[in-house]
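Let me begin by presenting the structure, written as structure tokens, before commenting on it.
Here is the naming used below: chain letters follow the sequence lines, and residue numbers restart at 1 for every chain.
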Amino acid sequence: MTIKTLTEPTINIEPELCKGCGLCIEACPPDVIKFHEKFNSKGYHYAYYIGENCTGCGVCFYACPEPEAIAVYKKGAEVAEEVIDG
Amino acid sequence: MATKILEKAKSFYDTYERNPSADKKMPHYCPGCGHGNVHKMIAEALDDFGVADKSILISPVGCSVFAYYYFDVGNIQAAHGRAPAVATGIKRAHPDSVVISYQGDGDLAAIGTAEILHAANRGENLTVFFVNNAIYGMTGGQMAPTTLVGQKTTTTPLGRQPGNEGFPIKVAELISQLEAPVYVERVSLVDNKLRAKARIAIRKAIKNQVDNLGFSLVEILSPCPSGWKLDPVDSLKWIEENMHKNFPIGVFRDLTKEVEPYKIEKVNPNSDEIINLLDISGENDLSLKSTETSDKYKNPEIKIAGFGGQGILLMGAALAQAGMFADYHVSWLPSYGPEMRGGTANCHVNVRSKEVGSPMVSLPTVLIGMNRPSLEKFENDVVPGGIIIYDSSLIDIKPKRTDIEVLAIPATKMADDIGNTRIANMLVMGAYIGYTNLLPKEAIYESLKTAIKRKRFIEINEKAVDAGYEFGKSHRK
Ligand SMILES: Cc1ncc(C[n+]2csc(CCOP(=O)(O)OP(=O)(O)O)c2C)c(N)n1
Ligand code: SF4
Ligand code: SF4
Ligand code: SF4
């Protein structure tokens with residue numbers, strides 16, 4: 001497991017734990033979360049990060065009702081590479 | 001927020017093993033349900049204050065009934081509306097724990113109105129999270145006490161009308177009218193700013209308890225997209241446009257800076273004081289010789305049944321207490337009709353050498369029948385090899401069972417001969433002990449001293465026990 005120190009903030013959304021409620025999308029100030037066109041195995045259009053311009057503000061984390069759907073990694077956070085690439 | 005990573009709180013279970021559904025990772029709430037946001041804010045606070053290991057969450061009845069699937073803390077699920085009462089008991093027994101009552105508006109503001117008012121009024125050192133979604137979510141969108149005027153629900157299809165259903169109850173305002181609460185705030189989940197405020201309020205309400213400051217309640221205006229038949233984003237708009245008017249957000253009470261840390265004026269009597277209070281002084285140092293009873297009579301599970309006024313419950317209590325004096329583990333569970341006198345009465349007694357699991361006796365090894373309906377009703381429940389003892393002067397039938405022992409004692413007649421019909425119960429109890437030799441007779445004498453309030457009746461009751469004892473002994477198999 002390689003640990004990486006983030007130079008840019010980012011988020012991770014677990015497609016299988018997202019219920020597609022859209023609250024994170026509504027909440028994100030720079031508008032960098034979108035609905036995926038695909039469904040997850042539960043039948044929800046899950047949300048995903050478009051991959052750039054996240055500011056690490058964290059508001060999507062609190063907008064999301066699901067305990068484990070979104071994780072936010074701010075600049076300088078030390079995270080396993082897999083988490084970010086996955 | 002110093003932390004660089006926002007992720008699932010440690011105070012949640014990694015996988016939700018208690019959830020019987022195949023998916024152990026996804027909570028059961030509907031998409032966009034505010035319960036999830038509130039859960040996350042609570043779990044994060046428990047992590048940050050390092051109190052998860054000493055926290056006890058009381059789940060209500062409502063959609064959050066299964067909160068115990070998710071929170072890795074002590075969990076208890078309370079009967080509908082009773083969470084603040086349960087929380088009170090737990091907090092008093094474990095003052096160092098952090099006890100959280102988590103409740104919906106049906107739970108707290110309808111069926112549980114009394115419990116929340118009195119817990120708040122006593123100023124219990126508790127944290128209450130009140131999730132107000134203006135509807136009964138779990139049962140399919142019925143009107144709640146917090147439903148807005150004009151709001152359509154399945155039970156107000158034309159909209160809530162005050163003339164018919166009353167006005168929405170404002171819980172934060174109501175609670176803040178009481179003297180004792182320390183902190184009462186109403187928050188809302190509608191946007192980033194207000195969610196941040198809600199998070200701070202939730203943390204404060206928990207911290208207050210950790211600091212022993214007293215009763216805190218946070219009312220959270222929270223979306224129920226399914227009950228409202230709106231999508232999650234529109235649900236938040238609906239709160240802002242409709243609920244905020246009726247339920248203004250803000251702090252209604254905040255004495256956190258002023259109050260002295262909360263102290264329960266706890267009276268912990270020592271054992272001497274308890275003995276005095278119960279008026280049983282000197283009776284706890286019995287050195288009773290144990291009795292030899294045959295194996296088949298050991299560890300009896302006894303049902304005593306008759307009509308109210310026959311001293312059924314008293315007989316059971318005296319028997320249990322006598323068992324206690326002879327160093328057995330005992331239980332006594334009364335059960336009577338609403339009439340008290342004249343109705344049927346029965347009680348369940350265990351006298352066991354090991355701890356009593358359940359005080360309920362549904363399949364007795366000993367049935368004491370004091371009237372005919374009781375004998376008829378319970379005869380078939382007696383386990384094979386058990387005993388039926390009955391008052392043959394009142395009951396004109398005999399048990400039909402042949403796989404049990406039967407002792408018929410004309411107790412009421414014998415009682416009349418001694419001089420008081422009402423001591424028939426003690427005759428029967430004496431007969432049971434005489435027959436089985438379960439307990440030393442002295443244990444019964446001792447128990448009479450506490451069971452019988454009027455001292456002048458003790459002597460005649462002792463006589464009854466004696467007569468019954470001799471009767472039972474002479475009928476031993
Ligand atoms: C004693 C009792 N009465 C009624 C019910 C039915 N019941 C289950 S949940 C509920 C109301 C729940 O509403 P609320 O507290 O607002 O919680 P929500 O589901 O909206 O989160 C009712 C009336 C019950 N389970 N037990
Ligand atoms: S952390 Fe802020 S900027 Fe980044 S995705 Fe979440 S809401 Fe958008
Ligand atoms: S808020 Fe959570 S559940 Fe809803 S769409 Fe975003 S990630 Fe999915
Ligand atoms: S019915 Fe309402 S309160 Fe219950 S889980 Fe669904 S959205 Fe939440």
*Would a distance-only check, ignoring hydrogens and angles, find a side-chain to backbone donor-acceptor pair under 3.5 Å from A:Lys19 to B:Tyr29?*
yes

*Separation between CG of B:Leu6 and NZ of A:Lys74, rounded to the nearest 0.5 Å*: 5.0 Å

*Side chain from CB out, backbone as N, CA, C, O: work out which of these in A:Cys64 comes under 4.5 Å of a heavy atom of chain B, or both, or neither.*
both

_Please rank B:Val38, B:Leu236, B:Asn192, B:Asp191 by heavy-atom pairs under 4.5 Å with chain A and give me the top one._
B:Asn192

*Check whether A:Lys42 gets within reach of chain B through its side chain, its backbone, both or neither, counting any heavy atom under 4.5 Å.*
side chain

*B:Tyr13 portion near chain A, given a 4.5 angstrom heavy-atom threshold*: neither

_My understanding is that only residues two or more places apart in sequence, or in another chain, count here; which of them pass salt bridge (Lys or Arg N to Asp or Glu O under 4.0 Å) with A:Glu26?_
none

*Heavy-atom distance under 4.5 Å between the side chains of B:Lys25 and A:Glu16, does that happen here?*
no

*Among A:Ala77, A:Ala71, A:Ala63, which residue forms the greatest number of heavy-atom pairs with chain B at distances under 4.5 Å?*
A:Ala63

*Result of checking B:Lys8, B:Lys10, B:Lys24 against A:Glu68 for salt bridge (charged side-chain N to carboxylate O under 4.0 Å, His left out)*: B:Lys8

*Heavy-atom closest contact (B:Glu7 atom, A:Phe61 atom, distance)*: O-CZ, 3.4 Å

*For the student: nearest non-hydrogen atoms of A:Pro65 and B:Gly32, plus distance*: CG-CA, 3.9 Å

*asked:* A side-chain contact here means heavy atoms from C-beta on lying under 4.5 Å apart; do B:Lys4 and A:Leu6 qualify?
replied: no

_Given heavy-atom pairs under 4.5 angstrom as the criterion, report whether the side chain, backbone, both or neither of A:Ile25 touches chain B._
neither

*A:Lys75 NZ: over 12 foreign heavy atoms closer than 6.0 Å*: no

*How far does OH of A:Tyr62 sit from NZ of B:Lys40, to the nearest 0.5 angstrom?*
8.5 Å

*Mind checking whether B:Val233 and A:Leu23 have side chains closer than 4.5 Å, heavy atoms only?*
yes

*Tell me the side chain to side chain donor-acceptor pair (under 3.5 Å) pairs involving residues 50-76 of chain B, sequence neighbours left out?*
B:His28-B:Tyr70

*Which region of B:Asp231, side chain (C-beta onward) or backbone (N, CA, C, O), has a non-hydrogen atom less than 4.5 Å from a non-hydrogen atom of chain A, or is it both or neither?*
neither

*asked:* Do B:Pro27 and A:Glu66 make a side-chain contact, defined as non-hydrogen atoms from C-beta onward lying under 4.5 Å apart?
replied: yes

